[in-house]
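Just so you know, ligand 1 is whichever comes first in the structure, and atom 1 is the first atom listed for that ligand. Index from 1, following the sequence.
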Amino acid sequence: CGPIPDTGATRTYNFHVSKETVAPDGVVKNGLVVNGQFPGPLIEANWGDWIEVIVTNDMSDEGTSLHWHGLLQKDTPWFDGVPSVSQCPIAPGDTLVYKFRADVFGSSWYHSHYSAQYAGGALGPIVIHGPKTQDYDVDLGPVMVSDWYHDDYFTLVNRTMNGIISFSNNILINGKMNYPCQNTTFACTPNAGVSKFSFTSGKKHLLRIINTSAEAMIKFSIDGHTMKVVANDFVPIQPYDTNVVTVGVGQRSDVIVEATGASTDLVWMRADATGCAFTDGVSPQGVAGVYYESANEDDVPSSTSSVAASALTDCGNDPLSQTQPFCPQTALDSNPTVQNIDITFGNNGTNFVWFMNNQSFHGDYNAPVLQQANEGNLTFPAEWNVFNFASAGSVRLILKSFFTAGAHPMHLHGHNFHVLDEGFGDWDGVITNPSNPQTRDVQLLRPAQDANTPSYIVMQWTQDNPGVWPMHCHIAWHVSGGLYINVLERPDDIQKMTIDHSVADTCQKWDAWSAANVVDQIDSGL
Ligand SMILES: [Cu+2]
């Protein structure tokens, strides 16, 4: 709680994005990596620091960009890392230096926002250290949970655009899991290994659960242990205990786990995608080993899960009534600009795509919306899905999903938004916890009840951050299919901004590269 501290420190990282074969579960695939690693290197900073990341595109045949999930980018909206929105893609061989403030604290991740590159592996964790709101002894760091596909990302996007569902092949924890090789025709090494975590009996351990999936909603648990949830996304919450944590794509939960077992215990940590994801059923649950201080690390846990089967098939976040921010919030604006958006799925004549109020998103890599707005051009092609909220004090979105086969993890850039309510049918106008509503940067919009009974969430934010902010489903295949809008916030203030010259340089390089090479933009671009 309180203002961002001025540390005067800058944390600098040098990243190279490239294509390499990877085999995190033993199955060799064509992937994307950061500095040769999957997952990519950890970005670590203190709250209030500046973070500088020098990103070079070492691929020869496509652009890229990196997005810093959940960072607010106040006064630096051009470094949000979204091609066609805040920048042009970084051309092959080119470098862009992102510089932004660690203006929030907690756990997150960075990922490519160019098409579905991140589903190929171009991602890594972010930890921003801040005040402890609850006591713990040991910070075990990021616990990234993710679905994993053995096909390369472009093949998967191509299938998606043709209306073919891709089923994930495995679930990884911190980029590791075994795979039964008889199920694949790709080169495969059995027993690739699982991640291992150390517990000290009697101590409290902080785990930073981060869902970096392309599609899967994940149910996280540790056999025989209770978790105290202390933060959702970058927002500390009033703690509550649970034996299973739900994370949709992009969501994070910081949990504190007290090691109540014996010093020789070893148990499974589980990332379960059986109930709320499209998996092929071969390995829908990722595991990692949790070893107490006197356990033999060569032994394999034999513990069983105590999570109820019904909890694994409940495809939404924990009740809003249960989740309240830890820090006091300013009162909700009772007179916001209200926008209804209905989300539907269908064929646009060429592809299977998603519609937001009957319009699917398609971006122009060569003409970022932010640059247009900065130049005072506020007339946009319909397919850019720009919602101009002008200088409204706050915005309330009522999102409805008519899709029954899955939830949508809805993500807004540039803000932690309030979640006023969720439900089915029409919102009755009643806000859950009106004096302290749930606040985060991704909220699950549950599957519709049936074709005539949509699910809804109501979100609201204060327009205190001029910029062009993506609001989209974080399922990679859905945003590729256009489930996306641009929130244009305070264009008058955007016009007054001086955008860092490196952003224009990046566009010049991209314009030159894209004029001489084929850019195979088969999806929305994001
Ligand atoms: Cu979606």
Side-chain angles (χ1 to χ4, degrees), residues 67 69 82 111 113 115-119 145-147 149 153 156-157 159-168 211-219 233 246-251 273 275-279 314-317 340-348 351-363 385 387 397-413 417 419 422 424 440-451 453-459 469-487 523-526:
H67 167 62
H69 185 112
V82 184
H111 60 83
H113 222 302
S115 186
Q117 282 180 346
Y118 92 77
V145 295
S146 172
D147 54 19
Y149 299 73
Y153 95 85
L156 296 164
V157 171
R159 251 187 237 152
T160 298
M161 300 309 292
N162 288 294
I164 302 165
I165 294 175
S166 287
F167 296 91
S168 65
N211 187 340
T212 60
S213 294
E215 190 270 341
M217 186 189 306
I218 285 178
K219 302 284 181 172
D233 303 342
T246 302
V247 273
V249 181
Q251 290 188 315
C276 303
F278 289 111
T279 79
D314 179 39
C315 302
N317 285 122
N340 289 278
I341 295 179
D342 290 352
I343 302 169
T344 52
F345 182 69
N347 193 314
N348 67 358
N351 289 121
F352 284 87
V353 294
W354 296 88
F355 299 94
M356 311 286 272
N357 286 352
N358 299 314
Q359 178 65 54
S360 188
F361 169 78
H362 186 90
N385 265 5
F387 285 71
L397 283 191
I398 302 171
L399 295 173
K400 281 185 178 169
S401 170
F402 291 80
F403 182 62
T404 55
H408 297 299
M410 300 306 299
H411 174 45
L412 174 66
H413 295 215
F417 56 84
V419 188
E422 65 166 341
F424 298 96
R440 60 189 313 175
D441 62 49
V442 183
Q443 174 72 21
L444 285 165
L445 173 56
R446 287 171 178 267
Q449 229 160 39
D450 55 61
T453 316
S455 54
Y456 68 79
I457 57 173
V458 184
M459 51 203 272
W469 303 116
M471 202 290 299
H472 63 93
C473 176
H474 214 301
I475 290 177
W477 321 128
H478 292 184
V479 67
S480 279
L483 207 172
Y484 177 103
I485 67 166
N486 282 303
V487 168
D523 64 359
S524 71
L526 303 181

Just say parallel, tilted or perpendicular for the rings of Trp354 and Phe403, cut-offs at 30° and 60°. perpendicular

Under a 3.5 Å distance rule, please check whether Tyr118 uses its side chain to pair with a backbone N or O of Ser213 as donor and acceptor. yes

Expected output: side-chain Asp147 to main-chain Ala214 donor-acceptor under 3.5 Å: yes

Sub-4.5 Å side-chain heavy-atom contact between Leu444 and Gln251: yes

Answer yes if the ring centres of Trp477 and Phe278 are under 6.0 angstrom apart, and no otherwise. no

How many N, O or S atoms of the protein are nearer than 2.8 Å to the Cu ion (ligand 1)? 3

Any chance the side chains of His413 and His472 put a donor and an acceptor closer than 3.5 Å? yes

